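Hydrogens, waters and symmetry mates play no part in the numbers below; they use all other heavy atoms, side chains included. Everything numeric in this text was worked out from a predicted model, so none of it was measured.
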Amino acid sequence: MVRGKQVNNKITCTSCGNEKIPTEFYTSNSPFHKHTGKLHMCKECFWEFVDDDVEKLKIALRMSDKPFLVDLLQSSQEEAEKSNKNLIKIYMKNVGMPQYKSFNWSDSISNNEKEFNITVEDSNSFDENSLIKRWGRGYQASDLEYLENFFAEYAHSYATDTPVQVNLYKNIAKVHLQAEKELSANNTKGFKELMELSSKLHNDGNIKPIQSTGANDDKGLSTYGLWIKTIEQDEPCEFFENKPIYEDFDKFKKYIDDWFVRPFKNIFNISKDFNVRDEDE
């Protein structure tokens with residue numbers, strides 16, 4: 001099973017592992033989710049993770065590159081109280097509106113965060129403990145975010161059919177995290193060694209870029225089906241509603257009106273229209 005990837009018009013949640021239709025996932029502006037444009041965690045797992053916890057909401061928003069806006073959170077809370085609906089669901093609905101489409105995590109506004117109170121319920125559900133179980137102890141929140149995003153990208157692009165594959169991607173993620181830290185510390189030697197280790201892990205797992213893209217020919221994609229799939233997912237057709245220029249571009253409607261509808265109207269004395277000629281004449 002390929003996780004985080006569309007299979008038969010469905011996407012596999014990287015949290016619960018279930019295949020679901022795309023509408024069961026929130027949209028994501030993160031470059032880590034560019035292929036599907038969806039967060040790799042389904043809505044149910046997202047709600048379970050956040051569980052009305054502001055800090056967890058921030059983690060989830062940061063991973064999907066969506067903004068944390070206190071004013072919007074406050075208005076969403078008012079809406080949730082009036083409609084008796086879940087606050088997180090209302091906020092995610094509102095932050096997905098067109099006026100916030102260009103916003104990302106860097107646009108977050110939380111200066112008044114301390115003045116905002118939100119009801120926090122006890123939760124025994126998915127939380128940091130699951131991340132510690134997956135990655136081990138000793139990692140900061142930013143480290144766990146990096147590891148989760150890195151793993152999700154590999155799980156999205158490559159097969160995760162066996163525990164060996166999953167562990168391989170996790171090990172590669174850990175190596176790259178440490179490599180980033182070594183590079184930040186100007187330790188180029190340590191960075192180089194870790195990149196060599198990463199290359200060895202990739203070779204051991206026979207992981208090649210060509211596997212995820214199909215780009216093994218001069219035209220970029222190996223098969224016609226992959227080309228069509230890319231167009232369907234990344235290059236949707238323009239929406240032509242209310243554009244008269246496209247309403248009857250092949251003049252089929254005009255033909256029906258002139259040579260079927262018009263004669264019947266004349267027969268039944270609804271109209272007297274005999275002056276019809278093709279525009280091409």
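Partners of S106 under the side-chain hydrogen bond (donor to acceptor under 3.5 Å, both in side chains) rule, at least two apart in sequence or in another chain, are N104. The side-chain hydrogen bond (donor to acceptor under 3.5 Å, both in side chains) search around D143 returns K181, not counting sequence neighbours. With sequence neighbours excluded, no residue forms a side-chain hydrogen bond (donor to acceptor under 3.5 Å, both in side chains) with K20. With sequence neighbours excluded, no residue forms a salt bridge (Lys or Arg N to Asp or Glu O under 4.0 Å) with K192. Taking the ring pair (Phe, Tyr, Trp, His ring centres under 6.0 Å) definition, one finds that F191 meets it with nothing, sequence neighbours left out. Under the rule for a ring pair (Phe, Tyr, Trp, His ring centres under 6.0 Å), F25 has no partner lying at least two apart in sequence or in another chain. In this structure K265 satisfies the salt bridge (Lys or Arg N to Asp or Glu O under 4.0 Å) test with no other residue, sequence neighbours excluded. With sequence neighbours excluded, the residues forming a side-chain hydrogen bond (donor to acceptor under 3.5 Å, both in side chains) with T27 are K66, listed by chain and number. Residues satisfying the ring pair (Phe, Tyr, Trp, His ring centres under 6.0 Å) test with Y100, not counting sequence neighbours, are F103.
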Identify all side-chain donor-acceptor contacts of residues 166-175 below 3.5 Å with residues at least two apart in sequence or on another chain.
| from | atom 1 | to | atom 2 | distance (Å) |
| --- | --- | --- | --- | --- |
| N167 | ND2 | P163 | O | 3.3 |
| Y169 | OH | A159 | O | 2.6 |
| K170 | NZ | R134 | O | 3.0 |
| N171 | ND2 | N167 | O | 3.2 |

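Across C45 and M41, no two heavy atoms sit closer than the pair CB-CG, 3.4 Å. The two residues L39 and F46 make their nearest non-hydrogen contact at CD2-CD1, 3.5 Å. S64 and S28 make their closest contact through O-OG, 3.2 Å (heavy atoms, listed as atom of the first residue, atom of the second, distance). Scanning both residues, T12 and G17, for their nearest heavy atoms gives CG2-O, 3.5 Å. Of all the heavy atoms in L87 and L73, the pair that sits closest is CD1-O, 3.9 Å. Nearest heavy atoms, P263 versus D258: CD-O, 3.5 Å.
Residues Q178 and E182 have side chains that bring a donor and an acceptor to within less than 3.5 angstrom of each other.
Annotation: side chain of L177 is not in contact with side chain of F150 (no heavy-atom distance under 4.5 Å). Counting heavy atoms from C-beta on, the side chains of W105 and K58 come closer than 4.5 Å. With a 4.5 Å cut-off on side-chain heavy atoms, M63 and N149 count as touching.
Linking Ile, Leu, Val, Met, Phe, Trp and Tyr whenever their side-chain heavy atoms come within less than 4.5 Å leaves I90 and M92 in two separate clusters. Residues L183 and L147 do not share a hydrophobic cluster, clusters being chains of Ile/Leu/Val/Met/Phe/Trp/Tyr side chains in contact below 4.5 Å. No chain of hydrophobic side-chain contacts below 4.5 Å, direct or via other Ile, Leu, Val, Met, Phe, Trp or Tyr residues, connects V164 to L197. Under a hydrophobic-cluster definition in which Ile, Leu, Val, Met, Phe, Trp and Tyr are linked whenever side-chain heavy atoms come within less than 4.5 Å, directly or via other members, I256 and W259 are assigned to the same cluster.
Annotation: the span from S108 atom OG to L69 atom CG amounts to 6.5 Å, rounded to 0.5 Å. The NZ atom of K43 sits 13.0 Å away from the SG atom of C13 when rounded to the nearest 0.5 Å. Within the model, atoms CG of D257 and CZ of F252 stand 10.5 Å from one another, a figure rounded to the nearest 0.5 Å.
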Can you check side-chain contact (heavy atoms from CB on, under 4.5 Å) on L144 and I59, steps first, answer last? CA-CA 10 Å; L144 292 173; I59 293 174; over 6 Å; no
Using side-chain contact (heavy atoms from CB on, under 4.5 Å), reason through Y91 and L61 one step at a time and then give a plain yes or no. CA-CA 11 Å; Y91 181 85; L61 291 172; 3.8 Å; yes
Would you please test Q77 and E81 for side-chain contact (heavy atoms from CB on, under 4.5 Å) and show each step? CA-CA 6 Å; Q77 185 181 40; E81 292 173 351; 3.7 Å; yes
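Looking at S76, its side chain does come within 3.5 Å of a backbone N or O of L72 through a donor-acceptor pair. Under a 3.5 Å cut-off, the side chain of K38 and the backbone N or O of E24 do not form any donor-acceptor pair. Side chain of S198 to backbone of L194: no donor-acceptor contact under 3.5 angstrom is found.
Residues H40 and F151 place their aromatic rings such that the two centres sit no closer than 6.0 Å.
Counting only residues at least two apart or in different chains, salt bridge (Lys or Arg N to Asp or Glu O under 4.0 Å) contacts with residues 84-94 comprise E79-K93.
Other residues sharing a hydrophobic cluster with F268 under the 4.5 Å side-chain heavy-atom criterion for ILVMFWY residues are F264, I267, I270.
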